Amino acid sequence: MSLALALALQAGAPPRLPAHLGDHALLQREARTPIWGWVEPGETVTLQVSWDAERVATARADGAGRFELWLVTPGAGGPHTLAVSCAHGTRTLSDVLLGELWLASGQSNMEWTLGPRVGEGVAGWEEAARTAADPELRLFEVANELAPAPREDVRGSWRAADPTSAAESSAVAYFFARALRRELGVPVGVLMADWGGTPAEAWTPAAALGAFPEFAAALAQLARGPEELAAEQRALQAAYWRRAEALDAALGLGDAAGEACDDSGWETVALPRAWEDHGLAHFDGLAWYRREVILPPEWAGAELVLELGPIDDRDTTSWNGVRIGGQEDDGRWETPRRYVVPGERVRAGANLLAVRVLDTGGLGGFFGAPEALRVARRAAPEEALPLAGPWRFRAAAPLAELGWPPSSQLYHPGQPSVLWNAMIAPLAPSALAGVIWYQGEANVGRAAQYERLFPTLIDAWRGAFRRDFPFLYVQIAPFAYGGDTGDAARLRDAQRRTLARTRGTGMAVTMDIGDPADIHPLEKRAVGERLALLALARRYARALEDSGPLYRSHAREGAALRVAFDHARGLTARGEALRHLALAGADGVFHPAEGRVEGESLLVTSPAVPAPVHVRLGWGAADQTNLWNAAGLPAASFRSDDG
């Protein structure tokens, strides 16, 4: 029995509705809108709405207890109430608005909050938050969760925009919604479902990935039961730590946790201190720390609480040669360590504390405050003994020899379909005005796949929501990816080509507002407002320029190429020399080129290419271009070749 059905079957329970169909919700205006939920199987459910009190919609729950009612919403307005009733009671939704409902999704550049919660606040966030109070702008943040199969519901609740809720929301989504509010003058709501560092396949339904055999093994893994996966992971983790013990033994560290080990030749370090500050700056792998702890006579046999602050990444901690705890799972590098030492292990005088640390990259070791390292009797925590200061340490097996530790998570956010299952599928088939999307950085290096995968995602979302809504997205911004050989530009170009491949799409370009040194540029207002321009033109039929120049074609003119664009009215470089143009001849080797704006086209030349064949703009990973149209919207990076 599903959890939803179990909850619905509680004695006398009224209908249970999805979280996003709750108080303060915003529903799409002038649309055929579904209202669904769960009651007892076969039970009759009715729906009444305050804007049409005479009409009652009726449905019968299926064998799983799920019902689905449909209503046609009137024009924008509210607040309204909706009452969903069954034999066991009524669930009434209050303060419901009708307006324009959008779904915002993607990875960290969509997740990045207006104020300093995900990271530092975006440019101008203080003023934006201070003026955010707007009861007709509604925000719903879907909690980050993973699932191996589609879930029935998400966690979250609706909030009206105010300085707090706006600051804690996606900056791009907030600026987008604010722009629509100002232009349309109707209530606007945004469902925000985003997760940093995630690839497009994680947001794509499993059924839609059938055309991608490279994801078949990962999808098959999801289909296995969680008990089987957990048992397999425990076995892998046990084998990994056995290998660590064998490598310790080979280095003469087999008893490093115990008193028989001679550490007199080890180095000394004052903790807390990260590896980078005491000789392990370029080392990833295992290291041992040991120190003697002298306890007063009255502590003998007392249960102790040991605190070590956060340790990066993983630790195994022993007291007098016996393991008393450890954080050996993923993602615990910020977790303060707190372990209990059993009384039978505690003696007066000298006791041995040993900590094995595994670091897999970046900082390593102990990096909390000195006062975070201490030990105390559980019965007298105020009488703690400090543990900061000199410890013995020694590097052990490097990560290259030990290998990467197996994940302790059953699922991870990079797996195909897990984010669709947990964070998007439960929202369908809500009536949406459209989707805004900012993602792609996690797929850099797989542009050819993305060119097929991204349209697949769009079509699958439209199918699940039963709507042919606009899908508006952001071309990833310039950033100096390490070792890039055109991968970022190819991903951007895959996004550009999606415009022609998939109907009803629009692309906001960020070639002029990226930050080559930061993959999370803090200029988010322009991104949200450029998406809003696309929405106003393509959803709301406003007669305005909504896109920067997009490459259309090129033709040879002697030693030059003339490049034609769509959306090129008022093409300009604003008096500057055009940057980041390149030409290639028949040999396919590109050379820097110069360009001159002539009307709505560019004439591009290079002394190194007397017979040009192909042209590129903004092909470097961090290239910030300077070609705009009269609306101040930048040209998308592009290539005319297939390389």
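Values below: all heavy atoms of this structure, side chains included; hydrogens, waters and symmetry mates excluded. Bear in mind the structure is a predicted one, so any value in this text is a computation, not a measurement. Positions are given from 1 along the sequence.
For the pair R314 (side chain) and V357 (backbone), a donor-acceptor distance under 3.5 Å is absent. Under the 3.5 Å distance criterion, the side-chain polar atoms of E152 are left unmatched by any main-chain donor or acceptor of P426. A donor-acceptor pair under 3.5 Å is formed between the side chain of S417 and the backbone N or O of A206. Looking only at distances, a side-chain donor or acceptor of R337 sits under 3.5 Å from a matching main-chain atom of T335. The main-chain N or O of V444 is never found under 3.5 Å from a side-chain atom of D487 such that the two would form a donor-acceptor pair. Checking side-chain atoms of R452 against main-chain N and O of A211 turns up a donor-acceptor pair under 3.5 Å. Of the possible donor and acceptor atoms, one in the side chain of Q475 sits under 3.5 Å from a partner among the backbone N and O of R492. Although no hydrogens or angles enter the test, the distance criterion places a donor-acceptor pair under 3.5 Å between the side chain of S170 and the main chain of M110. Looking only at distances, no side-chain donor or acceptor of Q233 sits under 3.5 Å from a matching main-chain atom of A230. Distance alone, capped at 3.5 Å, places no donor-acceptor pair between the T317 side chain and the V355 backbone.
Between H278 and F393, a ring centre-to-centre spacing shorter than 6.0 Å is recorded.
Inter-residue side-chain proximity for W437 and L103 is flagged as unmet; no heavy-atom pair is nearer than 4.5 Å. When side chains are defined from C-beta on, L419 counts as touching L146, because their heavy atoms get closer than 4.5 Å.
Distance CD/E245 to OG1/T316: 8.5 Å, rounded to 0.5 Å. Here the straight-line distance linking atom CG of D312 with atom CG of D359 works out to 5.0 Å at 0.5 Å rounding. The structure places CZ of R159 at 7.5 Å from OG1 of T164, a figure rounded to the nearest 0.5 Å. One distance of note links CD of E441 with CD1 of I519; it measures 5.0 Å at 0.5 Å rounding. Taken to the nearest 0.5 Å, the CH2 atom of W288 stands 5.0 Å off from the CZ atom of R356. Atom CG of residue D518 and atom CD of residue E523 lie 13.0 Å apart, to the nearest 0.5 angstrom.
Geometric assessment of R16 against the ring of W38 yields a positive cation-pi assignment under the 6.0 Å and 45° thresholds.
Remark: the S318 side chain and the R323 side chain contain no N/O donor-acceptor pair separated by less than 3.5 Å. For the residue pair E328 / Q237, no side-chain donor-acceptor distance below 3.5 Å is found, with atom types taken as modelled. For the residue pair D194 / W112, no side-chain donor-acceptor distance below 3.5 Å is found, with atom types taken as modelled. Using modelled atom types and a 3.5 Å distance limit, the side chains of Q439 and Q107 yield a donor-acceptor pair. A donor-acceptor pair shorter than 3.5 Å can be found between the side chains of E201 and N443. When only modelled atom types and interatomic distance are considered, W203 and T198 share a side-chain donor-acceptor pair under 3.5 Å. A donor atom on one side chain and an acceptor atom on the other are not found under 3.5 Å apart for Q624 and D512. Checking R224 against Q221 by side-chain atom types alone, a donor-acceptor pair falls below 3.5 Å.
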Item checked: Worked check of salt bridge (Lys or Arg N to Asp or Glu O under 4.0 Å) between E145 and R155 -> CA-CA 9 Å; E145 293 186 340; R155 290 189 298 113; 2.5 Å; yes
Margin query: Apply side chain to side chain contact (heavy atoms under 4.5 Å, CB included) to residues Y473 and V435 and explain how you reach the verdict.
Written below: CA-CA 8 Å; Y473 57 93; V435 171; over 6 Å; no
Check: So K524 and N109, side chain to side chain contact (heavy atoms under 4.5 Å, CB included) or not? Walk me through it.
Finding: CA-CA 9 Å; K524 292 290 193 286; N109 273 309; 2.9 Å; yes
Item checked: Candidate pair I311 and F367, rule side chain to side chain contact (heavy atoms under 4.5 Å, CB included), full reasoning -> CA-CA 6 Å; I311 296 176; F367 66 96; over 6 Å; no
Next item on the list: Would you sort out whether L522 and D515 count as a side chain to side chain contact (heavy atoms under 4.5 Å, CB included), showing the intermediate values?
Entry: CA-CA 8 Å; L522 297 182; D515 183 344; over 6 Å; no
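Residues satisfying the ring-ring contact (aromatic ring centres under 6.0 Å, His included) test with W391, not counting sequence neighbours, are F366. Residues passing the side-chain hydrogen bond (donor to acceptor under 3.5 Å, both in side chains) test with Y339 are D315, sequence neighbours excluded.
Residues G486 and W619 share a closest heavy-atom pair of CA-NE1, 4.3 Å. What you find for Y174 and A166 is that their closest heavy atoms are CE1-CB, 3.8 Å. In terms of heavy-atom proximity, Y411 sits nearest to P226 at OH-CB, 4.0 Å.
Between Y450 and F454, the ring planes are parallel. Angles under 30° get that label, and only those over 60° would be called perpendicular.
Heavy-atom contacts from other residues, nucleotides or ligands closer than 6.0 Å to CZ of R374 number 12 or fewer. The 12-atom threshold is not exceeded at CH2 of W333, counting heavy atoms of other residues, nucleotides or ligands nearer than 6.0 Å. The 12-atom threshold is exceeded at CZ of R392, counting heavy atoms of other residues, nucleotides or ligands nearer than 6.0 Å.
With respect to the salt-bridge test (charged N to carboxylate O, under 4.0 angstrom), the residues E383 and R378 do not qualify. One finds no salt bridge joining D493 and R490 here, because no Lys/Arg side-chain nitrogen approaches an Asp/Glu carboxylate oxygen to under 4.0 Å.
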